[in-house]
Amino acid sequence: MKVGLIGYGNIGKYLIQKLNDDQLLPGTRITSTFSRSRREINGVEVYNDFQAFLDSDIEIVVEASSINAVKKYGYDVLKARKNLLIISVGAFADQYFYDQIQALAWKYERKVYLPSGAIGGLDILKAAKTSNQLDAVQIITRKPASSLIDEPLEEKQTVFDGTASEAIQLFPKNINVSIILSLAGIGSEQTRVKIIADPAATENMHCIKAYGGFGEMTVEVKNSPMPENPKTSHLAALSVLSTLKKKEENILIM
Ligand SMILES: NC(=O)C1=CN([C@@H]2O[C@H](COP(=O)(O)OP(=O)(O)OC[C@H]3O[C@@H](n4cnc5c(N)ncnc54)[C@H](O)[C@@H]3O)[C@@H](O)[C@H]2O)C=CC1
Ligand SMILES: O=C([O-])CC(=O)C(=O)O
């Protein structure tokens with residue numbers, strides 16, 4: 001499977017390393033990358049023009065860039081009849097955008113893959129939601145203070161307490177997890193979010209609680225940071241790889 005990549009940052013570089021250098025998935029390779037600034041990346045064709053990138057011989061576009069990029073390029077990817085994998089899932093807090101992407105995917109018979117990112121437990125929420133057995137979902141995210149705010153902090157501080165819908169507007173680079181949680185569960189207006197900036201923290205932690213007719217769930221994920229950049233959880237990049245693996249195998253689908 002030939003993959004086109006948007007975004008040569010933390011996650012993008014890691015994906016190239018794992019898929020191309022280490023050949024983690026034998027049938028899958030990143031062959032094209034869209035970048036605004038890079039001219040060369042070892043072993044990959046680099047495009048600075050988005051249409052030329054889309055015209056290249058790729059089957060799926062993997063987005064590892066930003067919510068803005070998803071909104072700017074998402075429609076064109078589907079119109080070009082490419083499948084799309086999105087890690088900046090915060091873009092889907094916008095219901096209009098969500099509806100448009102769904103309509104285009106339907107029209108052009110393409111798929112949009114949304115990896116679980118830096119959290120888990122989505123299978124439970126999806127199952128419970130199917131028959132309205134889910135009443136409440138909450139996520140408490142604790143991150144190193146420097147990932148969230150510019151001023152140094154002496155003590156940990158709650159920097160946000162509200163809905164997922166508000167959280168992603170205020171912290172678009174930091175709380176995509178709340179939107180995948182909303183999509184799996186009860187929506188971004190009902191999903192509660194608390195964000196704690198902790199000067200003593202060295203990793204991102206997410207604690208998810210849910211309850212309803214299905215029972216109760218608590219999932220706590222203590223994420224190791226990406227090897228090269230502590231702001232992003234390693235698991236986010238791994239979840240992209242596992243989604244691609246599932247697509248490659250496409251037989252026993254979990
Ligand atoms: N769903 C989840 O659980 C998680 C999602 N994320 C999200 O994944 C995305 C990538 O994360 P990282 O690799 O750590 O970020 P990063 O900041 O290291 O890299 C992003 C790259 O994308 C490029 N980029 C941004 N906007 C662009 C645009 N409009 N057009 C072309 N290139 C653009 C940047 O120049 C940069 O090279 C971010 O949006 C981040 O918030 C990160 C961690 C977890
Ligand atoms: O990496 C993480 O732990 C979560 C994150 O940044 C996001 O959800 O945007």
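One-based numbering, in listed order, for ligands and for the atoms of each. Values below: every heavy atom of this structure, side chains too, minus hydrogens, waters and symmetry copies.
- The protein atom (non-hydrogen) at minimum distance from atom 19 (O) of ligand 1 is G9 CA, 3.2 Å.
- Ligand 1 lies within reach of I87, whose nearest heavy atom is under 4.0 Å from it.
- Looking only at heavy atoms of the protein, atom 2 (C) of ligand 2 is closest to S233 OG, 3.3 Å.
- For ligand 2, the atoms lying closer than 4.0 Å to a non-hydrogen atom of K173 are 6 (O), 9 (O).
- Considering backbone and side-chain N/O atoms, A118 never comes within less than 3.5 Å of an N/O atom of ligand 2.
- At least one heavy atom of F34 sits under 4.0 Å from some atom of ligand 1.
- Contact analysis leaves K72 out of contact with ligand 1, as no non-hydrogen atom separation drops below 4.0 angstrom.
- Those atoms of ligand 1 with a heavy atom of S88 less than 4.0 angstrom away are 7 (C), 8 (O), 9 (C), 38 (C), 39 (O).
- Protein heavy atom at the shortest distance from atom 41 (O) of ligand 1 is N176 ND2, 3.0 Å.
- Interface atoms of ligand 1 facing A236, defined by a heavy-atom separation under 4.0 Å, are 43 (C), 44 (C).
- More than 12 heavy atoms of other residues, nucleotides or ligands lie within 6.0 Å of CG in D21, so this atom counts as buried by the packing criterion.
- The heavy atom nearest to atom 31 (C) of ligand 1, considering only E228, R36, K173, is found in R36.
- For ligand 2, the atoms sitting less than 4.0 Å from at least one non-hydrogen atom of K143 are 2 (C), 4 (C), 5 (C), 6 (O), numbered in the order shown with element in parentheses.
- Each of the atoms 25 (C), 26 (N), 27 (C), 39 (O) of ligand 1 lies under 4.0 Å from some heavy atom of S66.
- Inside a 4.0 Å radius of atom 17 (O) of ligand 1 there is not any protein heavy atom.
- Aromatic ring orientation, F97 versus F92: tilted (interplanar angle from 30° to 60°).
- Nearest protein neighbour of atom 38 (C) of ligand 1, counting heavy atoms only, is S65 O, 3.4 Å.
- At least one N or O atom of I11, backbone or side chain, sits closer than 3.5 Å to an N or O atom of ligand 1.
- Between F53 and F34, the ring planes are tilted. Angles from 30° to 60° get that label.
- Of the residues listed (I86, I119, V89), the one engaging N176 in a side-chain contact (heavy atoms from CB on, under 4.5 Å) is V89, and it is the only one.
- Of all the atoms in ligand 1, the ones that sit under 4.0 Å from a non-hydrogen atom of Y8 are 37 (O).
- Ligand 1 lies within reach of A64, whose nearest heavy atom is under 4.0 Å from it.
- Where the criterion is an N or O separation shorter than 3.5 Å, residue side chain and backbone included, A236 fails it with respect to ligand 2.
- In terms of protein heavy atoms, atom 12 (P) of ligand 1 is closest to N10 CB, 3.6 Å.
- A salt bridge is defined here as a Lys NZ or Arg NE, NH1 or NH2 lying under 4.0 Å from an Asp or Glu carboxylate O, and K2 with E45 fails to meet this definition.
- With ligand atoms numbered from 1 in the order given, ligand 1 contributes 27 (C), 28 (C), 29 (N) to contacts under 4.0 Å with heavy atoms of A69.
- For V177, the closest heavy-atom approach to ligand 1 falls below 4.0 Å.
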